[in-house]
Amino acid sequence: MTPQAWFKQRGWTIFPFQKAVWKAALQGRSGLLHATTGSGKTYAVWFAALARAIKQPAKPKRGLRVLWLTPMRALAADTARALQEPLAELLPDWTVGMRTGDTSAAERARQTRSLPSALVTTPESLCLMLSQANAAERFAALDMVIVDEWHELMGNKRGVQAQLALARLRQWHPDLVVWGLSATPGDLTEARDTLLGGADGEIVEGALRKELVIDTLIPVNPSRFAWSGHLGLQMLQPVIDAIEPHSSTLIFTNTRSQAELWYQNLLEARPDWAGLIALHHGSLDREVRDWVEQSLKLGTLKAVICTSSLDLGVDFLPVERVLQIGSAKGIARLLQRAGRSGHAPGRPSRITLVPTNSLELLEAAGAKRAVANRQIETRHAPNKPLDVLVQHLVTMALGGGFMADALFDEVRTAWSYRTLTRAEWDWALAFVTHGGQSLTVYPEYRRVQADALGIHRVPDLALGRRHRMGIGTIVADASIQVSFISGGRIGTVEESFISRMTPGDHFLFGGRLLELVRVHDMTALVKRASGKKAAVPRWNGGKLPLSSEYAHALLDCLQDASEQRYDGPEMQAIRPLLELQQRSSALPTRQRLVIETHLCKEGQHLFVYPFAGRSVHAGLAALLAYRAAAMSPMTFSISVNEYGFELLSAEAFDWPALMRRVDLFSDTDLIADVLASLNAGELAQRRFREIARIAGLVFQGYPGQPKSTRQLQASSSLFFEVFRKHDAGNLLLLQAQQEVLEQELELSRLQATLVELRDRELSFYQTERATPLGFPLMVERVRERLSSEKLSDRVARMIAQLEKAAGP
DNA sequence: GACCTGCTGCGGGCTG
């Protein structure tokens, strides 16, 4: 049977994009397919692979023919099932299998004897297979590789690892056909080049463009809505009303503790929903999450409160409605989450934004505008990360060995390493052969040795074993296990959270009130507790700044407001606040940088609103403080948020005069000034922990007996110190510094912002009191110093002062 | 009457 006939039999139409993929693949061409989920993209590439197999009966019948990479284990099983279905009729002698960390030992043993015709696996598992000495043999019949959700991988080190693995497979099979699937738009050319190493390839666009509806829950009384804060419980009742009429709702929050608190508050308000609503985030135990995902699939849950843990995966959910509490921070993420609803052809996706403070009404308006204008973030692959390369070299040495020159050429065919210099390569090779300058005396860092023929191999079985256990680029959070004393795992929290507690203390986790009994062997043993007051664990997760695209959309909305245009319910709701801002000083726009000063008994506040996201503001604030202090010595306390930053000085300071005289926003000496103004050394040291782990310097410990994060942190800082003292040219140190600059301080964005600011007119205002844009920054600064209870008193006092000053 | 900030993803050797 042909693929066409198979479709015809079911009365399905073959979409033009599916035909395009089949045709290209049949002609041996690789490419990237951009299509939304649930639009038939799986079958587009799968049938392309089958069509190739049918056309080439001469190829060996046994062995691995198609490799399917997926970024998540949870997706592997679904995918394998979907591939299985058409196979029975088209190619009855083919088999489909999967290989992830979950695969049983028995199944692994079976696969060691012979791989299935099509294998669904992860980038990490693929690397493990490539580290087997007979890898070349096992992949000898490979014909096509499919990389699902390539947009999820391409921007990070997992994607780089996939690139390197693909480079190896292409080396063995120059005609290998590679197709990537990408669900979000952005720069498709870059996505294709990253996947194919810059080689020629198609870009096919799926025909289905889904209709998208974005709406906003407007607070009942917008003029009394909080000016700052991120939890948003003021919106509890509107959210309940939104959940009520629907059979299933996904509620996205930005942090795990926020999810916990919302879950608890929803249950308190609606005790009748017990058992019908559930919680899902990355620190909950796998079993708990699997149960939630299963129940969602079965349609037995009314609502799930989650973090980005449900951005991907769990396809074909019967979700009717999606709520986003607080800022989504990026337009691509918003689209991704909206796509979780209306998961059937022809049905629109819908997402409802729930603001947690007044300015998020503006964000809601900005989101609509950015989506309408297709202003969507693009992802870029990391540039030649040497930690990943070092890991790859050991993997290659295990997987049959390598010749240095040949592997150098091969690695350079991976997009991220296309500019790798011979010197960098030699450094990496030296690093795996003798640990570089400072570790030469330790045999455990002589991981790779060349034999008489020049073939590099791993000389020692134990070293190889240790390496395989460390393959991958994800570095786990600093966490310890939480389990019931009676048995049953709940999830993980940070060591630092538990270390602040004493036995008998209560905390809220996994939607339950728990009492700490004792800590033993990296596990916090707990039992159920009753009562009310309890701490909620805080996890120290990543900080996603507002994207540039999103921020620009906000400035455009402000531009409208400054011209008295208030379109849509969001802008109408925030109108009083923006008018107050305008009366007290002015509205920032793309043409105008608003700078406010405000004297009070604390000292002098300087507020600046570039609208460039918090990481850029952190850099800008530090830069400004540093440069101003260089003119006249003075100390500042700094506070930043997504919209601007504040510098507070004890003494008054003539900012307008200084800014007119000196270009404080100049980008000359930018890197030097940024490094000097921030504690870049400490940031780099923290960053180095991840690099040391990926490069294989730090061993995580054997399964079942993990080392504590404190031990791991200690050993990675030891390496950091040793390298700094005795091996200053160590390129991994340099990498740590570059990653801090690029990823944490977003240097290129900072630079772009400085360029933008130069074109903005500086507008200075001296204000009587904090403005709507300034107030949240003041709260933010106070928050850093005070516990939350004291903070609420303080906030109340600040508001009282504001209102007194505003008059009756 | 106004507070609660920071996400996600993977992997594992040996053993009659």
Side-chain angles (χ1 to χ4, degrees), chain A residues 70-76 99-103 105 108 121-128 131 149 152-153 156-159 161-162 219 221 224-234 252-262 265 281-283 306-313 325-330 333 336 356-358 461-477 535-536 538-545 614 641-642 693-694 699-704 706 775 779-780 782-783 786-800 802-803:
Chain A
T70 164
M72 273 179 66
R73 285 181 297 218
L75 290 173
R99 167 77 143 93
T100 69
D102 295 336
T103 306
R108 275 177 208 205
T121 188
T122 59
E124 288 82 3
S125 284
L126 171 58
C127 287
L128 277 162
S131 79
E149 314 271 9
E152 276 301 313
L153 292 171
N156 55 45
K157 289 182 183 175
R158 293 185 77 197
Q161 191 156 50
N221 188 351
R224 306 302 278 172
F225 198 48
W227 283 13
S228 75
H230 294 277
L231 190 55
L233 284 174
Q234 276 185 296
F252 284 102
T253 60
N254 282 339
T255 73
R256 288 165 277 194
S257 48
Q258 193 181 20
E260 294 270 353
L261 282 162
W262 266 88
N265 279 275
H281 61 70
S283 290
C306 62
T307 58
S308 4
S309 54
L310 284 181
D311 273 0
L312 274 190
I325 296 181
S327 169
K329 305 283 183 181
R333 185 171 304 103
Q336 174 80 34
T356 60
N357 62 49
S358 291
L461 276 177
L463 282 177
R465 195 166 75 213
R466 206 178 111 154
H467 176 76
R468 290 196 182 96
M469 288 166 54
I471 280 182
T473 61
I474 299 172
V475 177
D477 295 342
V536 179
R538 294 263 183 77
W539 289 267
N540 214 348
K543 298 183 181 182
L544 299 163
R614 65 174 303 128
N641 66 15
E642 305 286 12
R693 226 291 274 133
I694 295 174
F699 184 49
Q700 299 271 76
Y702 287 94
F775 183 77
V779 174
E780 183 82 15
V782 177
R783 187 165 64 81
L786 298 177
S787 73
S788 59
E789 266 158 293
K790 281 187 196 143
L791 177 65
S792 67
D793 295 346
R794 183 62 190 275
V795 168
R797 219 165 56 234
M798 281 159 79
I799 289 160
L802 259 186
E803 296 198 332

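So you know, we letter chains A, B, ... as the sequences are listed, proteins then strands, and number each from 1. Every heavy atom of this structure was used, including side-chain atoms; hydrogens, water molecules and symmetry mates were not.
Side-chain proximity of A:Ala226 to B:dC3, B:dC10, B:dC7: nearest is B:dC3. Listed nucleotides: B:dG6, B:dC10, B:dT8. Nearest to the side chain of A:His281: B:dT8. Nearest nucleotide to the side chain of A:Arg158, out of B:dC10, B:dG13, B:dT8: B:dC10. The side chain of A:Glu124 approaches B:dC10 more closely than any other nucleotide in the set B:dC7, B:dG12, B:dC10. In this structure, of B:dG13, B:dC4, B:dG11, it is B:dG13 that holds the atom nearest to the side chain of A:Arg465. Closest to the side chain of A:Ser228, from the set B:dC4, B:dC10, B:dG6, is B:dC4. Here the side chain of A:Asn254 is nearest to one of B:dC7, B:dG13, B:dT5, namely B:dT5.
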Item to check | Candidate pair A:Arg333 and A:Phe252, rule side chain to side chain contact (heavy atoms under 4.5 Å, CB included), full reasoning | outcome: CA-CA 11 Å; A:Arg333 185 171 304 103; A:Phe252 284 102; over 6 Å; no

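Counting atom types as modelled, A:Arg614 pairs a side-chain N or O with a base atom of B:dG6 as donor and acceptor under 3.5 Å. The base of B:dC7 has none of its N or O atoms less than 3.5 Å from a complementary donor or acceptor on the side chain of A:Thr307.
A:Arg333 comes within 4.0 angstrom of no nucleic acid atom, judged by non-hydrogen atoms across all strands. Base contact: A:Gly542 has a heavy atom under 4.0 Å from a base atom. Contacts of A:Trp227 with the nucleic acid, taken as non-hydrogen atoms under 4.0 Å apart, are absent. Across all strands, A:Thr253 comes closer than 4.0 Å to no nucleic acid atom at all (heavy-atom distances). As judged by a 4.0 angstrom heavy-atom cut-off over every strand, A:Ser125 is placed among residues touching the sugar-phosphate backbone only.
As rounded to whole Å, 17 Å separates atom P of B:dT8 from atom CG of A:Leu153. Between the CZ atom of A:Phe225 and the C1' atom of B:dA2 there is a distance of 10 Å, given to the nearest Å. Taking atom CH2 of A:Trp262 as the reference point, atom P of B:dC4 lies 13 Å away to the nearest angstrom. If you take CD of A:Glu260 and P of B:dC7, they are 12 Å apart, rounded to a whole angstrom. Rounded to a whole Å, the CG atom of A:Asn641 is 16 Å from the C1' atom of B:dC3. For the pair A:Ile325 CD1 and B:dC3 P, the interatomic distance rounds to 16 Å; values are reported in whole Å. If you take CD of A:Glu780 and C1' of B:dG6, they are 11 Å apart, rounded to a whole angstrom. Residue A:Leu310 contributes atom CG, which lies 11 Å from atom C1' of B:dT8 at whole-angstrom precision.
Side-chain N/O atoms of A:Arg99 include one lying less than 4.0 angstrom from OP1 or OP2 on B:dG12. Proximity of A:Arg538 to the phosphate of B:dG6: a side-chain N or O atom is located under 4.0 Å from OP1 or OP2. Phosphate proximity of B:dC7 to A:Arg256: present, with a side-chain N or O under 4.0 Å from OP1 or OP2.
Side chain of A:Thr122 to main chain of A:Ser125: a donor-acceptor pair is present (N/O by atom type, distance under 3.5 Å, no hydrogens or angles). Using modelled atom types, no side-chain atom of A:Thr307 and backbone atom of A:Asn254 make a donor-acceptor pair closer than 3.5 Å. Between the side chain of A:Trp262 and the main chain of A:Leu233, no donor-acceptor pair closer than 3.5 Å is present.
For A:Arg73, there are no side-chain hydrogen bond (donor to acceptor under 3.5 Å, both in side chains) partners two or more places apart in sequence or in a different chain. Taking A:Glu152 as the reference, nothing meets the salt bridge (charged side-chain N to carboxylate O under 4.0 Å, His left out) condition, with sequence neighbours excluded.
For the atom pair A:Leu231 CG and A:Asn265 CG, the distance stands at 7.0 Å (nearest 0.5 Å).
Nearer to the 5' terminus of DNA chain B, by closest-nucleotide assignment, is the contact made by A:Asn540 (compared with the other of A:Gly470 and A:Asn540). Take the nearest nucleotide of DNA chain B for A:Leu233 and for A:Leu128: the residue whose nucleotide is more 5' is A:Leu233.
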